[in-house]
Each structure stands twice: as C-alpha cells, then as structure tokens.
Amino acid sequence: MKSELLQQVRVIDPVSNTDKVVDVLVADGVIQALQENISDYPTDTQVRSCRGLVLGPGLVDLYSHSGEPGFEERETWRSLVASATAGGFTRLHILPDTMPAIDNLSVLTRLQQIEKAAAVKINFWAALTLGVKGQQMTELAELASESHVVGFADGRAIENLALLRRLLEYIKPINKSVALWACDSHLAGNGVMREGTQSVRFGLPGNPAIAETAALVAILEVVAAIGTPVHIMRVSTARSVELIQAAKARGLPITASTTWMHLLRDTQAIKSYNPHLRLEPPLGNTVDVQALRQGVRSGTIDAIAIDHTPYTYEEKTVAFAEAPPGAIGLELALPLLWQNLVETSEWSAVELWRSLSTYPTHCLQQRPSTISPNTAAEMILFDPQQKWAVEPQTLKSLSTNTPWLGQTLTGRVVQTWLSQEDFYS
Amino acid sequence: MASTWNRHHVLSLADFTPEEYDTVLQTAASFREVLSRRTKKVPTLQGQVVANLFFEPSTRTRSSFELAAKRLSADTLNFAASTSSLTKGETILDTAKTYLAMGTDMMVIRHREAGVPQAIADEMDRLGVRVGVLNAGDGQHEHPSQALLDLFTTCTLIDSDRPRLELLKDKKIAIVGDILHSRVARSNIWSLTASGAEVHLAAPPTLLPQLFADFTTNAPGKLFLHWQVEPALENADFVMTLRLQKERMTQHLLPSLREYHQRFGITRDRLRICQPDVKVLHPGPVNRGVEISSDLMDDPQFSLIQAQVTSGVAVRMALLYLMGSSKA
C-alpha cells in the first residue's frame, strides 16, 4: 500500500466550497483523510511539507484541438497529453477537426487505443457533420454509442439553420452534449480582430460583435423551439453574456463557456500585431473582457475552456491577418488566470477553480472530482509562487504559438494524481 | 539639424512629437535645395546599405525611396516579392534576416498586411542589431512617409523657406474617399491633427464608420466626420482625395463607382464652396473620373499632385538621413 501525506496544504475544493489549510492523506489513489493535523499514518508513508502549495481537483478542459491525426508537426497525442498533464488537466475533450475528421466509428476506434494508453482521460467530441463541413449529418446514434464520445460538436459554426434544427431534433433522444459556436461568417467577413476603435486605429479588418450575437440569437431560438440542451462555446462579447443570461432566465437548457485568453487579453494587446493574439472568435474590446469576467463569476458563463490550438512556427510567422487563428494554452492557463484573477483578489480561488474543474463537468454531464475523504484522488498540486520561463524547451507542447513565449510566469503544477474511475455517474 | 531626433524606426505617426515633425520638415527643406542643384547628390549615407523590401508590389513609392537613397549615396537593394515566394517556406522574418546578413543598415518595408514592418523591427531589436525599419505602407494601417510628404507639400506652399507644423494650425483640411481602407488617411489624421488643423473626413458611412470619431486622443486639432461631401469642402484650404479600389463594390460597400463619383467625386464645381485658393492632393495612383475629375487633376491652379511626387524624394531623403544618424 502506497501512501502519501501532504502536510499543511491549501485545499481548494469547489464541490464542498472549501478553501482551507489541512493535512491530506492519500493511499492507493484514494483520499483517506483531511484533517488539521494528521498524526496517525502508516510508517512507510511519504511525508511532504506543502506549505504555500495548493491542492485542488484536476482541471477539466471542455474543448481543445489535437494535431494528430493529420497535423503531427503541430502536436502529437504524446505531446498533447504531456502538455495537459504539465498544466494540471486530468480530463481532455478533443474537437473532431483532425485529418481525417472524427466523424465515423472507424476513426474513433483507432483513437481509443490512444485514449487507453494516455495518462489523462481523453474523450472526443464527435463531429456533427461529415468532415466538419456543416453540410451532412454524421451517423450520430452510432457515434453516441461509443463511451469515449462526450458529445457532438464541429468546433465550427453550423450556419444552415435548417440543418441545425434537424440535428437538434435527431439528437434529442440520444442524450449527449451538443456544443455550438455562434458565428455568422458573412458578418465576420475578412475580419481578423474585434471591430472597434482599436481595429480602426491598427488598420486591421474588423469582425463585428454582431457576427457572434446575431448567430447566437438564431441558435437560442432554435434551442427554444426544439428543447435539446446545447453548450455555447467561445462566448466572446458583452452582448452575448446578456443574451445567455436572458435565455437562462427563461429556462432554456443551455450552458456556456468562454476561453481563458478572452478573459486575459483585449484588443489593446493587438497593438503588437503578435500573430499569437489572432484568435477565432477574436479577442474582445475592454468592455467585453469585463463582461466575460463578470459573466463567469456570476455563473452566466459556466466554464472557462482552453481551446488549445497548436500551430507550427512557420504557420504563425506571418502577418497578423494572415496567421491561422488560435493559440496553445494547456500549460499556461492556470498560472496566468491565477496570477491575473486570484492574486489580484478580483476572484476567489474557489471561483477560479470551479470554472476550470467543477462547472466544466456539469456542462458535460460528468461527475466532478472533489477533495474529500473516500473519493478517488483526481487532483493536482499547484505551486502559485514557482517561476518558470515559457520557452520551447520548457513547454511540453510541440508548438509554441502563445503571446507569452519568452516571458517568465509565476505558478506551476508540481504533481498530478489521476483516477482510473469512470466519471459518468 | 538632427538634435531632436532619436527615433530608430519610423513605423507609425501615432506617437510622433511636434519637434519630430518639424525636424523632418526642416531636413526635407534642405534636401529639396540639394535636389535643385546641378549635382543632386550628397555623400551622407555613403557606404550604407538601404534595402527596399516590397512584399506588396509598388512602383511609385519604391522608385521614390530608391532615388532618395541614391541621392544620399547609399547602396540600394530591391526585394520585390510576389507573395507566392513566401509561401515556399521562407517567413517574412527569414527574408529580413537574409538582408541583415548582407549588411543592410536600413530596411524600407511595404506589405499588404498591417503590422509587418513592426514585426520586422521587433525582430531586429530582439537580435540587438542597429537596423532601422521604415514603414512604406502596411495594409490599412499607416503610410508615414506619404503623410509626411503631404505635410511638407502643404507647409511649403504656405512658407517655402521655413516649412513647419504650426503653419497648418486652424486650416481646414478635408480628406475625402475610402477612409476605412486607407493607410494614407490614417497617417494623415495623426499628422494633421497634431498640427492643430481642423480635419474633416467625408465618405459614405460604409467607408467612414462612426468609430473614426475616437481615432485620435488629446490631439490639438479637431476631427470631424461627414457622410456628405459638402460640409467637409465648405471653406476648406486643402482637399485630400483617396484612391477608391474597384473591389469595394463586390464587398457591399458601394452600389457603383458612378454613384460614388456623383456624391463624393471632387470636381471643379464642388471646389467652388472651398477657399478660393484651395489645393487638391492625391496620393496616387489616381482613378481619373472616380475620386477626382480628370481635368481637375491636371490643372496646376488646383492640383498639388505633381508637387507631392517631387516632395516625396526630399522627405524620404530626410527620413533615411535622420534614421541613419539616430542615436537611439
């Protein structure tokens, strides 16, 4: 029997709404006890002083992109899993826009071998439409029968509302999550940053907020008519937060997420023209960022997603407007969110942690992990003071497309415990 | 002469100081004198290499920069990329570093997308090399040398011997045309509002979004937006017209070039409500009969278009000279 005693560790547990310093005893992957002082433990216990360290449930990423299969130069399964582990994520949910796309059972069967070998729990968003092209629905019922399918998403906008309606009708009895991204490509046009005073000043084509909100209104109307629960991905505008709040108030079965980058950077940052700040949807204006932060705190926006999107140096070393959208984030999100939101006292530690671990599981109909006695240890130890440099050598991801490249961050995950239990209750 | 200059790169006019504008104007005035001599060349940049990296095709601006560098006795290199050569694996930074390895002292950069000159300048700074980068037009962002030559052209018209920023104070200047997509307009808004001029923008709302009202902050000159041309032209001292790209029709921004010319084209008739000695500028190349009527363009009583081209060489000489002697 292998046991570990974590002495005087700061436990942050959103499930029990706990933030306190205690001793934690773990044996054989199960949390045995949480007490102010544990003096009664087996003699061969590994004792570790954890003063100043934080112990919380493993983080759950709602959606991210894999390079493999098809774009192994960006990311392989091995590097993706290493990156997730280093960043404190114990559950990953992969979008289907690989090559080939995850749109049929044979692709999925091959990927399950990877899932079995992986150190973290990997589940997949199966495509809603063939080749994630937004045209022809996939064999949804068959895909849904696979336990590694967390739900359905294309990761791209489905703009044909007739198709969206039929998809939601067809999926209704299947009882799997559906994640949709609200974007009207005609309104977005060739825009590469959120339209506003800054886009005009920087001379970059603007993508107006209505490209998101007009599409969101349409999705909400379809959801209201059909009744199938839907998760709204990548919410990026202040107006969308209002629309989601109103929709929830009238009882629509929706959950929503924004991404960690949309909470930390706004259009001002694009003054640098750093191609790693080119995202889809684009970074918001200052009012959007404020509204998103408030939306997450109030629970209108349920969760923070990472939307880890690796691209190679060659792909990203181009003009801002020509860069493919997206940035990596699995190893960076927790330290940066902690430093910018918790250390500044804008959010409590529990507020941040629940939006990265507990609430994402609610959006996915999973059982959340918790730090409490007699539960499986799916948790991470985080040192909020450890400094490290973001460099190609320090990142586990194969790609380095992040605006924080070359900078020194404070905060790093130092240990991860993974549970082998099935988390679908 | 260059005592108030410590700018290593010229990427944008957004943070130009009044002293810097005056230094450019005065330096350009002395180079204009050089250009009027029988031997139109000075040894100022002898032994230095100026590379023109034009990732976007351009004949006029590139020729102007090349001549300016040659008049300063610099050696010039010209890189004219069809953008396809860059998709063969070489990045923009690779191209810049190749020219750096050849011993380039200054890079003049044009790119169809905003921010590329800045990205290259940042890379040069990161490498710790003293290479100056001059933005010769990046996407819809800025075209500082064009705005500075416009400034020089208008100021020398008022005081030929001592062109200076304050000469435009309280002058009314109209900028008419596709402002949304114009890097020339953006640079001109910075320089003209810095001078204390009243700057009046005029275009249909699709080409002049309300967002431009907040473009400048704390500038001495005021900025006005008009969705009709007449209020902008009324009593104007200078009218700047902009090139209208034909593809704007397919982007649902305008119904037709004909309607645009009817409502916003600069014609002899429209100029009657301006000051009697009003002058018209255009950064070229001109769509005759669209943004400006053909006969007006060739009329020396109104048109400063040829003077702008001539000023361009002196102003670009001034910029290369100042950057080459910068202590920063």
Side-chain angles (χ1 to χ4, degrees), chain A residues 73 184-211 267-278 282-283 285-288 311-325 391-392 400-401 403 405-407, chain B residues 11-15 55-56 83 86-97 109 111-123 126 135 137-143 179-187 189-190 201 208-217 225 247 251-253:
Chain A
E73 67 280 15
D184 182 301
S185 63
H186 286 107
L187 282 168
N190 62 351
V192 294
M193 75 176 280
R194 179 62 74 224
E195 188 173 278
T197 308
Q198 305 298 345
S199 70
V200 160
R201 248 182 228 153
F202 303 158
L204 287 167
N207 172 336
I210 51 170
T267 48
Q268 292 273 6
I270 297 171
K271 192 178 197 324
S272 67
Y273 293 98
N274 186 332
H276 304 320
L277 293 165
R278 161 117 165 81
L283 291 172
N285 288 307
T286 313
V287 288
D288 297 311
Y311 280 108
T312 64
Y313 172 84
E314 296 77 34
E315 287 172 303
K316 274 286 194 180
T317 310
V318 292
F320 183 91
E322 292 171 339
E391 300 288 352
T400 56
N401 54 309
L405 185 65
Q407 296 184 28
Chain B
L11 303 172
S12 159
L13 296 185
D15 58 351
F55 297 95
E56 179 186 68
T83 43
L86 289 166
T87 56
K88 287 177 188 159
E90 180 169 285
T91 69
I92 43 174
L93 297 185
D94 293 335
T95 307
K97 280 188 241 180
I109 296 171
H111 197 284
R112 65 175 176 186
E113 299 293 354
V116 170
Q118 183 171 324
I120 292 174
D122 288 346
E123 181 70 2
R126 196 184 64 79
N135 178 3
D138 62 331
Q140 299 161 13
H141 177 222
E142 285 217 40
H143 193 350
I179 288 155
L180 178 61
H181 300 94
S182 173
R183 55 191 171 212
V184 175
R186 282 175 177 79
S187 288
I189 293 171
W190 291 120
L201 309 177
L208 178 57
Q210 185 64 39
L211 292 166
F212 271 91
D214 301 320
F215 191 87
T216 56
T217 45
L225 273 59
E247 70 252 28
Q251 297 164 335
H252 312 298
L253 292 164

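Throughout, protein chains are lettered first and strands after them, A, B, ... in sequence-line order, and every chain is numbered starting at 1.
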Legend entry - chain A interface, residue from B:Gln251, B:Gln210, B:Gln140, B:His141 that has the most non-hydrogen pairs under 4.5 Å: B:His141
Between atom [atom1] of [X] and atom [atom2] of [Y], what is the distance when rounded to the nearest 0.5 Å?
X: B:Leu93; Y: A:Tyr313; atom1: CG; atom2: OH; answer: 5.0 Å
X: A:Tyr273; Y: B:Asp138; atom1: OH; atom2: CG; answer: 6.0 Å
X: B:Asp94; Y: A:Thr317; atom1: CG; atom2: OG1; answer: 8.0 Å

Legend entry - Proximity breakdown for B:Arg183 and chain A, heavy-atom pairs closer than 4.5 Å: neither
Which atom names give the shortest non-hydrogen contact between [X] and [Y], and what distance separates them?
X: B:Leu211; Y: A:Glu195; answer: CD1-CG, 3.8 Å
X: A:Ala319; Y: B:Ile92; answer: N-CD1, 4.1 Å
X: A:Gly203; Y: B:Ala114; answer: O-CB, 3.8 Å
X: A:Glu322; Y: B:His111; answer: OE1-CE1, 3.8 Å

Inset, instruction - Count the heavy atoms belonging to other residues, nucleotides or ligands that lie under 6.0 Å from NZ of A:Lys271, then report whether that count exceeds 12. - result: no
Legend entry - Side chain / backbone / both / neither for A:Val200 at chain B, heavy atoms under 4.5 Å: both
Legend entry - A:Phe202 vs B:Arg186 side-chain heavy atoms within contact, under 4.5 Å: no
Inset, instruction - Would you indicate whether the side-chain heavy atoms of B:Thr217 and A:Arg201 approach each other to under 4.5 Å? - result: yes
